[in-house]
Visitor: 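Sending over a structure as structure tokens; questions will come in a sec.
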Amino acid sequence: MDILEQIKTWARVNSPWAIHFNSGSCNGCDIEILATLTPRYDLERFGVKLRGSPRHADVLICTGPVTLQARDRLRRIYEQMPEPKFVVAVGSCATSGGAFQGCYGVVGHIDEVIPVNAYVPGCPPRPEAIIDGVIKLLRSLQKTEPEVSLEKAEPVMAGT
Ligand code: SF4
């Protein structure tokens, strides 16, 4: 990896900007994400900053199953993010469809619509598990070999 790529990876790993999207969650996971961002759990100590626009974000944090109504919005948000971009699926619904799997208005889990880089299981997962998933994703970027693009990094699972 040349020095410029090393600097870019260092910056990316130390100050990832994130955006949160609820594609059909019951709000349980979203409340845990908000708790993760409060001073009690303080996700910002790892440099993670929540942004309002996908055009400024490196990491898309998704909650819930993907409903028919949210599918195109989720895809559009993902497409608006600059490369390289990463997706964290938070909660059982986001990782596997959870309690909503098979419902008439539900398309399925997040990776049926966009690629996912990190999975955080749980209903809802605790803030510690969400932090674990984000940190594992960032560590996996550091370990990426030069010939492997960041987008092709192996997906990670929180709590393992
Ligand atoms: S995983 Fe549980 S808390 Fe999260 S959206 Fe699904 S049902 Fe709600």
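Just follow the structure's listing: the first ligand is 1, and inside any ligand the first atom is 1. For the single chain, residues carry numbers from 1 onward in sequence order. Note that these values count all heavy atoms, side chains included, but never hydrogens, waters or copies made by symmetry. Owing to the predicted nature of the structure, the values given are computational and were not obtained by experimental measurement.
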Visitor: Taking only heavy atoms of Ser25, which atoms of ligand 1 are found under 4.0 Å from at least one of them?
Guide: 5 (S)
Visitor: Using a 6.0 Å cut-off, check whether atom CZ of Arg40 has over 12 heavy atoms from anything other than its own residue.
Guide: no
Visitor: For ligand 1, which atoms have a heavy atom of Pro124 less than 4.0 angstrom away?
Guide: 3 (S)
Visitor: Indicate if the distance from atom 6 (Fe) of ligand 1 to the nearest N, O or S atom of Cys123 falls below 2.8 Å.
Guide: no
Visitor: Inspect the surroundings of CZ in Arg75 and state if more than 12 heavy atoms from other residues, nucleotides or ligands are less than 6.0 Å away.
Guide: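 Enclosed: over 12 neighbouring heavy atoms sit under 6.0 Å from CZ of Arg75.
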Visitor: So if I count the atoms of ligand 1 from 1 in the order they appear, which ones are less than 4.0 Å from some heavy atom of Cys26?
Guide: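 With Cys26 as reference, the close atoms of ligand 1 come out as 3 (S), 5 (S), 7 (S), 8 (Fe).
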Visitor: Please determine if Glu5 and Lys8 form a salt bridge, counting it only when a charged side-chain N lies under 4.0 Å from a carboxylate O.
Guide: yes
Visitor: Could you tell me which atoms of ligand 1, counted from 1 in the order shown, lie closer than 4.0 angstrom to a heavy atom of Gly122?
Guide: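 Near Gly122, the atoms of ligand 1 are 1 (S).
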Visitor: Please identify which atoms of ligand 1 are closer than 4.0 Å to at least one heavy atom of Cys29.
Guide: 1 (S), 3 (S), 4 (Fe), 5 (S)
Visitor: What atoms of ligand 1 come within less than 4.0 Å of a heavy atom belonging to Ser92?
Guide: 1 (S)
Visitor: Are the side chains of Asp30 and His20 in touch, meaning some heavy atoms are under 4.5 Å apart?
Guide: yes
Visitor: In Å, rounded to the nearest 0.5 Å, how long is the span from CZ of Arg71 to CD of Glu112?
Guide: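 Between atom CZ of Arg71 and atom CD of Glu112 there are 10.5 Å.
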Visitor: What's the shortest heavy-atom distance between Leu74 and Cys62, and which atoms?
Guide: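 Closest heavy-atom pair between Leu74 and Cys62: CD1-SG, 3.8 Å.
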Visitor: Can you tell me which residue and heavy atom of the protein come closest to atom 6 (Fe) of ligand 1, and the distance to 0.1 Å?
Guide: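 The answer is Cys93 SG, 2.2 Å.
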